[in-house]
Engineer: 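Sharing a structure with you now.
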Amino acid sequence: MSGLRRSYKAVFLSPNREYLIIVSASIALAANFLRPKEMFYPLLIIALIGAIPTFVAAVSSIISQRKALTIDSFNSFALIVSFAAREFRSAAFIVLMLSSAALLEWFTKSETNRAVKELLKLKPLKAVREERGETKELPVSEVRVGDVLIVSAGARIPVDGTITFGSSFINEASVTGESSPVGKSVGDEVLSSTINESNTIKIKATRVGKDSTIERMAELINQAAKNKSKRERLADRFAAIFLPIVLLAGALVYIITRNALMTAALFLVACADDMAVAIPLAITASLGRAAKRGVIIKGGEWLSVLSRIKTLVLDKTGTLTYGRFTVKDVHIEPGIGRKEFWKYLAIAEKFSDHPVGKSIFKEARKYLEGAVPDPEEHRVLKGRGVIAKFKGKEIAVGDDKILLDAKVKNSPSVSSKAKLLEKERGETTVLVAINRRFSGTVTVADTPRLEAKESIKKIKNEGVERIMMFTGDNKSVAEKISGALDLDAFRASMKPEDKLKELGDLPSENLPVGMVGDGINDAPALSRADVGIAMGGIGTSVAVEAADVVILTDELNRIPEMISLSRETMRVINGDMLIWVFSNVVGFALVLSGVAGPALAAFYNFATDFFPLLNSSKLFRWQPRDLS
């Protein structure tokens with residue numbers, strides 16, 4: 001029984017099935033041209049067998065998706081016409097082309113599987129865990145969030161984590177594509193499978209197993225491959241438009257001429273087997289070129305949306321800026337000890353995922369000795385700050401509304417001073433209260449990415465009409481960044497639900513809209529936008545999952561490149577359609593004038609099949625152009 005199963009797989013599953021059909025159809029066609037009579041029935045049998053996968057796909061689309069007008073139904077119709085007209089050479093040509101398309105699809109999947117395997121080979125198998133002053137080597141699969149791991153110089157980092165001891169240069173080329181090693185120290189994040197190049201460090205595991213960066217990248221590549229291997233929806237849209245037109249034209253010809261052979265010849269000319277290959281070929285080439293630039297696009301439909309966007313909305317922190325805040329100024333109220341201030345601040349921000357909180361925790365560590373205790377309670381108020389408890393004391397860190405929630409004395413006067421300070425400096429001021437007493441402020445600042453202004457200019461040159469910035473920061477900070485980058489508009493002091501509402505309120509003339517973000521609070525907006533773009537290298541897993549496009553390299557200049565690629569892709573696909581329409585107009589003229597019967601129509605269709613394929617193959621050579 002197992003032998004029969006193996007034989008079935010060897011013959012009837014991809015790619016062997018396609019190889020068998022292509023070879024058999026090619027030999028039968030060549031033999032039929034040389035000996036038409038002797039090879040009549042062998043050609044018919046091979047054409048019928050080769051047509052089965054197309055018929056099955058068409059029926060499957062009708063049953064499972066309730067779609068009658070797909071590219072498979074279009075090609076099934078052409079095959080039925082070929083058989084009915086006894087043009088078995090034409091049927092074999094169509095089978096040959098469709099089998100080539102299926103083989104291309106299989107190669108795409110195989111290449112994806114190979115890329116994923118190569119990626120996962122980078123993952124270390126062992127890790128060294130420190131526990132109660134002792135070290136123990138264990139499989140990476142047994143590492144848990146919170147474990148402290150020792151990474152020696154020259155070793156690959158086993159999981160995502162935060163450095164708790166030491167400093168080193170980390171080679172992140174395998175993940176971000178950045179060739180130069182990046183200096184990292186206590187408090188900085190490190191990614192799984194990157195290389196620790198210089199010194200021994202200790203890290204605290206933050207993301208393990210399926211949540212680690214390398215596993216997420218592998219899953220993204222698999223997801224994109226699944227989406228692009230579904231005989232792209234663009235090809236089905238094409239079939240839905242043109243199949244009714246072809247049927248109507250054929251019906252009119254038959255009603256007027258009562259000539260069944262002329263009608264069959266018309267249908268043979270209109271066969272869209274070339275489009276079944278050309279459109280997926282264009283999509284495959286484009287997704288491959290995007291991947292080469294460090295961008296994962298989760299399917300061809302997002303190329304279509306990306307090519308049409310009129311409005312682009314960008315989150316500020318971590319997208320337009322580096323998301324690496326530095327402490328610029330600290331004010332501690334009289335009667336509060338410096339060490340006490342930093343101790344409680346470190347406890348409150350110890351588990352913070354926000355870049356501001358991380359920068360404050362990193363600064364606080366400079367003033368403390370030993371490990372920072374865990375808070376007994378920890379509550380995050382999205383877009384506002386945190387409230388924590390430790391040994392009966394409540395610690396509130398965030399904006400002025402946090403102080404009101406914590407019932408801090410003199411909250412109104414304190415918040416007005418903070419707002420004045422923010423307006424003067426254009427920086428973010430974080431308020432700190434310990435046990436309902438205002439205790440001080442920490443002023444932090446972020447800087448725009450070096451490539452941000454140039455990228456914004458390139459995006460505008462690509463034809464995007466409106467570029468906006470959404471941020472949870474105050475108006476003064478937002479105004480300063482917006483002015484520096486020459487943005488069209490900004491919205492400040494936004495919570496995640498505000499971003500959703502603002503996207504929903506955009507007028508129809510500003511649609512489609514793209515949203516670029518990286519954090520947990522951006523995930524709802526990324527899902528709500530017509531196309532969501534995540535800065536994946538430093539982005540959270542939630543944001544990456546919600547997005548339709550993931551920029552693994554964290555380079556903002558990839559956005560104008562991808563808009564350019566998507567528009568070039570749509571130009572090529574539209575060119576394929578124009579070639580198909582033009583060749584059909586010429587073919588129809590030959591048929592209606594009586595020059596071409598079914599046999600010549602079948603040959604004409606086969607000869608013109610190669611023009612859209614050659615047009616689509618241009619995308620394999622696509623390179624980003626200078627948009628400045």
Engineer: If only side-chain N and O atoms count, and only distance matters, is there a donor-acceptor pair under 3.5 Å linking T206 with T162?
Structural biologist: no

Engineer: Answer with yes or no whether the side chains of T321 and D446 bring together a donor and an acceptor at under 3.5 Å.
Structural biologist: yes

Engineer: Determine yes or no for a side-chain-to-main-chain donor-acceptor pair under 3.5 angstrom, with T569 supplying the side chain and L565 the backbone.
Structural biologist: yes

Engineer: State whether the side chain of D548 and the backbone N or O of W302 hold a donor-acceptor pair below 3.5 Å, judged by distance alone.
Structural biologist: no

Engineer: Is there a side-chain contact between I157 and I203, using heavy atoms and a 4.5 Å cut-off?
Structural biologist: yes

Engineer: Short question: side chain of S168, backbone of S198 - any donor-acceptor pair under 3.5 Å?
Structural biologist: yes

Engineer: Any Lys/Arg nitrogen of K362 or D188 sitting under 4.0 Å from an Asp/Glu carboxylate oxygen of the other?
Structural biologist: yes

Engineer: Measure from the side-chain N and O atoms of S616 to the backbone N and O of A278, and report whether any donor-acceptor pair falls under 3.5 Å.
Structural biologist: yes

Engineer: The test is salt bridge (charged side-chain N to carboxylate O under 4.0 Å, His left out); show your working for R558 and E555 and say whether it passes.
Structural biologist: CA-CA 6 Å; R558 293 294 185 262; E555 293 176 85; 3.3 Å; yes

Engineer: I'd like to check the salt bridge (Lys or Arg N to Asp or Glu O under 4.0 Å) partners of K202; sequence neighbours left out, ordered by chain and number.
Structural biologist: E130

Engineer: Hey, are N557 and S455 close enough side-chain-wise for a donor-acceptor pair under 3.5 Å?
Structural biologist: no

Engineer: Side chains of S212 and D160: donor-acceptor distance under 3.5 Å anywhere?
Structural biologist: no

Engineer: So, for G504 and R528, which heavy atoms are closest and what is the spacing to 0.1 Å?
Structural biologist: CA-NH2, 3.3 Å

Engineer: Return yes when atom CZ of F165 has more than 12 non-hydrogen atoms of other residues, nucleotides or ligands closer than 6.0 Å, and no otherwise.
Structural biologist: no

Engineer: Tell me whether D147 is salt-bridged to R129, with the criterion being a basic N under 4.0 Å from an acidic carboxylate O.
Structural biologist: yes

Engineer: Hey, which of L306, V550, L526 is the one that makes side chain to side chain contact (heavy atoms under 4.5 Å, CB included) with I533?
Structural biologist: L306

Engineer: Does the S352 side chain pair with the main chain of E349, one donor and one acceptor, at a distance under 3.5 Å?
Structural biologist: no

Engineer: Is D530 reaching over with its side chain to a backbone N or O of V513, donor-acceptor style, under 3.5 angstrom?
Structural biologist: yes

Engineer: Do other residues, nucleotides or ligands put more than 12 heavy atoms under 6.0 Å from the CZ atom of F351?
Structural biologist: yes

Engineer: Strictly below 4.0 Å, N to O, side chains only: are R289 and E561 in salt-bridge contact?
Structural biologist: no

Engineer: So, the side chain of D486 versus the backbone of K457: is there a donor-acceptor pair under 3.5 Å, distance only?
Structural biologist: no

Engineer: Taking all atoms of both residues into account, what is the closest heavy-atom pair of V143 and A127, and its distance?
Structural biologist: CG2-CB, 3.9 Å

Engineer: If you define the side chain from C-beta out and look only at heavy atoms, does anything of F490 sit under 4.5 Å from M468?
Structural biologist: no

Engineer: Within the side chain of R449, is there an N or O that forms a donor-acceptor pair under 3.5 Å with the backbone of T319?
Structural biologist: yes

Engineer: For the NZ atom on K460, are there more than 12 heavy atoms of other groups (residues, nucleotides or ligands in this structure) within a distance under 6.0 Å?
Structural biologist: yes

Engineer: Within a strict 4.5 Å, meaning less than it, do heavy atoms of the L431 and D399 side chains meet?
Structural biologist: no

Engineer: Given 3.5 Å as the limit, does a donor-acceptor pair link the side chain of S566 with the main chain of M562, or not?
Structural biologist: yes

Engineer: Ignoring hydrogens and geometry beyond distance, is a side-chain donor-acceptor pair present between N199 and S167 at under 3.5 Å?
Structural biologist: no

Engineer: Has K316 got a side-chain atom pairing as donor or acceptor with A478's backbone, closer than 3.5 angstrom?
Structural biologist: no

